[in-house]
Peer 1: 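Encoded as structure tokens, here's the structure I'll be asking about.
Letters go in sequence order (proteins before strands), and every chain restarts at 1.
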Amino acid sequence: MMEVKGFKCTSCGFATFPKHTRCPRCKGKDFSELGLNEGRLMTYTVLNATPPGVPKPLQLAIAEFEGGVRLIGQVSSGRPEIGSRVRLVESKLRETPRGICTGFSFSVVA
Amino acid sequence: MRRVAVIGCGITKFGRDPRSVVDILAEASLAALEDSNTSNQEIDLVYVGNMASGEFEGRSGIGNALVSELALEPAFASKIENTSGSGGAAIHAGWMAVASGQCDLVLVAGGEKMTSVNTEATTDIIASLTHPEEYKQGATLLSFAGLQARYYLHKYGAPRESLAKVAVKNHYHATMNPKAHFQKIISVDDVLRSPIVADPLRLYDFCPISDGAAAVILCPEEGARKYVEDPVVMTGIGGATDTHVVHEREDPTLMKAVKTAAQHAYEMSHRGPKDIDVAELHDMSTVLEIVQSEDLGFFEKGSGWKAVEEDTTTIGGNLPINTSGGLKAKGHPIGATGVAQVIEVVNQLRGRCDKRQVDASVGLTCNVAGFGNNAVITVLERP
């Protein structure tokens, strides 16, 4: 399990990931952190053509989390379906010339 | 503000081209100068739409290089980069230069040399336009199309075959366009049996990787007939952006940049979606042509797929879309596309499209950057 931080605008309450310099809704500049843990899968794809350093096939999905925050992420375990519940886990994501890149991925809750 | 006319067009054969991007641009530009009878005139300004000459070929300063190839000094020149909307952005900038009264003759060229690197490297060069948090996950433009397609099919109950039909239609159109990359009829079965790329999308749902260039000459409408008998007027143009991060968009099937840019172009031209007789849309993937046909107001949201199934958007239908073959079959040399779209509509309005000619007096182009991060729309008319 892994918690990802979303960013909630302290002026209007709109939350996003990743963080922006200004809030997309009200242009506010101050944010509080919002813990993201569990979400629902909106859409997914399975890629057979992946960029360098990413093994194929790659399952990639968009899911909606606490506070309406959406994330794009790799599905590292389970079979994705629209509406599936997903949890965030830490994974190796891709190899780059600067080393191995790790971060969150989605694990489908059975 | 002055009204702007397109008086000349030039385009190379899209596909694998052994030459460097500057040489490809020079061929298209020279053809545009000759088509507009401005070969011996002084050109004020040269804009070159190109995304990644540095990454593909290790070349920079290609605007200046092009000027020198064509002996257009001392025209001011600059490259304009807006990812897959680079051509449209160059058109937008060229239009502004003429409309504002600053320039009287402008060359706008767009081009890309892509086959100098392999497919994996090309995909990665293009993926550099994504947000680092998207890139890190392995997201590419192909994957965004796959995510959008699945959501669209699910939300609107559209059959998978309707997406394949876009590819079939655009391949058919391309067989009548000698400049198109592909010259081959395909069937719905061919699309559905091609290898999966970004499920539910398959190889034939995507545009190929092509080299090519396209160029137009712009001047004020007043005086355009000094050069040619059949100028086409750009009566409306609009550019707009949407969120950079794709997953932040409220509705993954709505391309807000397209919608907003179209509103601007419609307002300026005093035209609406019902006035459009022919259109070139940015079908990097089949699903995108359908989504854009809705966001431009041609069809209601969620019903664009029906228009494809009913042949409304095929040559011979009420609103032919992508008569050139589109990005899908004509090809998508990134920086060339926005200019090539304008050329197809101008040629339709000038009656120069031979076998693929349709009856049209008002046309529209829709060039999209990134995955809907930015869009440029033009409305073109016979004066």
Peer 1: Under a 4.5 Å cutoff for heavy-atom pairs, which residue among Ile72(A), Leu60(A), Ile62(A), Thr50(A) has the most contacts with chain B?
Peer 2: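 Option with the greatest count: Ile72(A).
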Peer 1: Select one option (side chain, backbone, both, neither) describing which atoms of Arg202(B) are under 4.5 Å from chain A's heavy atoms.
Peer 2: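 Neither part.
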Peer 1: Against chain A, label Val245(B) side chain, backbone, both or neither, depending on which of its atoms sit under 4.5 Å from a heavy atom there.
Peer 2: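 Side chain of Val245(B) only, per the 4.5 Å heavy-atom cut-off to chain A.
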Peer 1: Let's test your reading of the structure: which of Thr96(A), Thr102(A), Ile82(A), Val54(A) forms the most heavy-atom pairs below 4.5 Å with chain B?
Peer 2: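 Counting heavy-atom pairs under 4.5 Å, the top option is Ile82(A).
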Peer 1: Check the pair Asp205(B) / Thr286(B) against side chain to side chain donor-acceptor pair (under 3.5 Å), numbers first and verdict last.
Peer 2: CA-CA 5 Å; Asp205(B) 284 293; Thr286(B) 50; 2.8 Å; yes
Peer 1: Tell me which of these, Pro52(A), Ser105(A), Pro57(A), has more heavy-atom pairs under 4.5 Å with chain B than the rest.
Peer 2: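 Ranked by heavy-atom pairs under 4.5 Å with chain B, first place is Pro52(A).
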Peer 1: Identify which part of Ala63(A) has an atom lying under 4.5 Å from any heavy atom of chain B, answering side chain, backbone, both or neither.
Peer 2: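 It is neither, since no heavy atom gets under 4.5 Å.
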Peer 1: Locate the shortest heavy-atom distance separating Thr253(B) from Lys301(B); write the atom from each residue and the value.
Peer 2: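 Residues Thr253(B) and Lys301(B), closest heavy atoms: O-NZ, 2.6 Å.
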Peer 1: Is it the backbone or the side chain of Ala127(B) that comes under 4.5 Å from a heavy atom of chain A, or both, or neither?
Peer 2: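 For Ala127(B), there is no contact with chain A at all, as no heavy atom is under 4.5 Å.
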Peer 1: With a 4.5 angstrom heavy-atom cut-off, is it the side chain or the backbone of Pro252(B) that approaches chain A, or both, or neither?
Peer 2: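 Side chain of Pro252(B) only, per the 4.5 Å heavy-atom cut-off to chain A.
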Peer 1: Against chain A, label His244(B) side chain, backbone, both or neither, depending on which of its atoms sit under 4.5 Å from a heavy atom there.
Peer 2: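 It is neither, since no heavy atom gets under 4.5 Å.
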Peer 1: With a 4.5 angstrom heavy-atom cut-off, could you sort out which part of Tyr135(B) is near chain A: side chain, backbone, both or neither?
Peer 2: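 Both backbone and side chain.
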Peer 1: Ignoring hydrogens and angles, state whether a donor on the side chain of Thr43(A) or Arg150(B) is under 3.5 Å from an acceptor on the partner side chain.
Peer 2: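 Side chains of Thr43(A) and Arg150(B): no pair found under 3.5 Å.
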Peer 1: Would you say the ring centroid of Phe182(B) lies under 6.0 angstrom from that of Phe14(B)?
Peer 2: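 Not under 6.0 Å, so no.
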Peer 1: Flag the pair Glu81(A) and Arg79(A) as a salt bridge only when some basic side-chain nitrogen lies within less than 4.0 angstrom of an acidic carboxylate oxygen.
Peer 2: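 Counted as a salt bridge, because a side-chain N and a carboxylate O are separated by less than 4.0 Å.
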Peer 1: Donor-acceptor pair, distance only, cut-off 3.5 Å: does the side chain of Asn50(B) make one with the backbone of Gly111(B)?
Peer 2: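 Checking the backbone N and O of Gly111(B) against the side chain of Asn50(B), a donor-acceptor pair under 3.5 Å is found.
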Peer 1: So for Leu58(A), is it side chain, backbone, both, or neither that comes closer than 4.5 Å to the heavy atoms of chain B?
Peer 2: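 When you check distances to chain B, only side chain atoms of Leu58(A) fall under 4.5 Å.
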Peer 1: For the side chain of Ser187(B) and the backbone of Asp190(B), is there at least one donor-acceptor N/O pair under 3.5 Å apart?
Peer 2: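 Checked: pair present.
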Peer 1: Tell me whether Ser143(B) contacts the main-chain N or O of Ala139(B) through its side chain, where contact means a donor paired with an acceptor under 3.5 Å.
Peer 2: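 Checked: no pair found.
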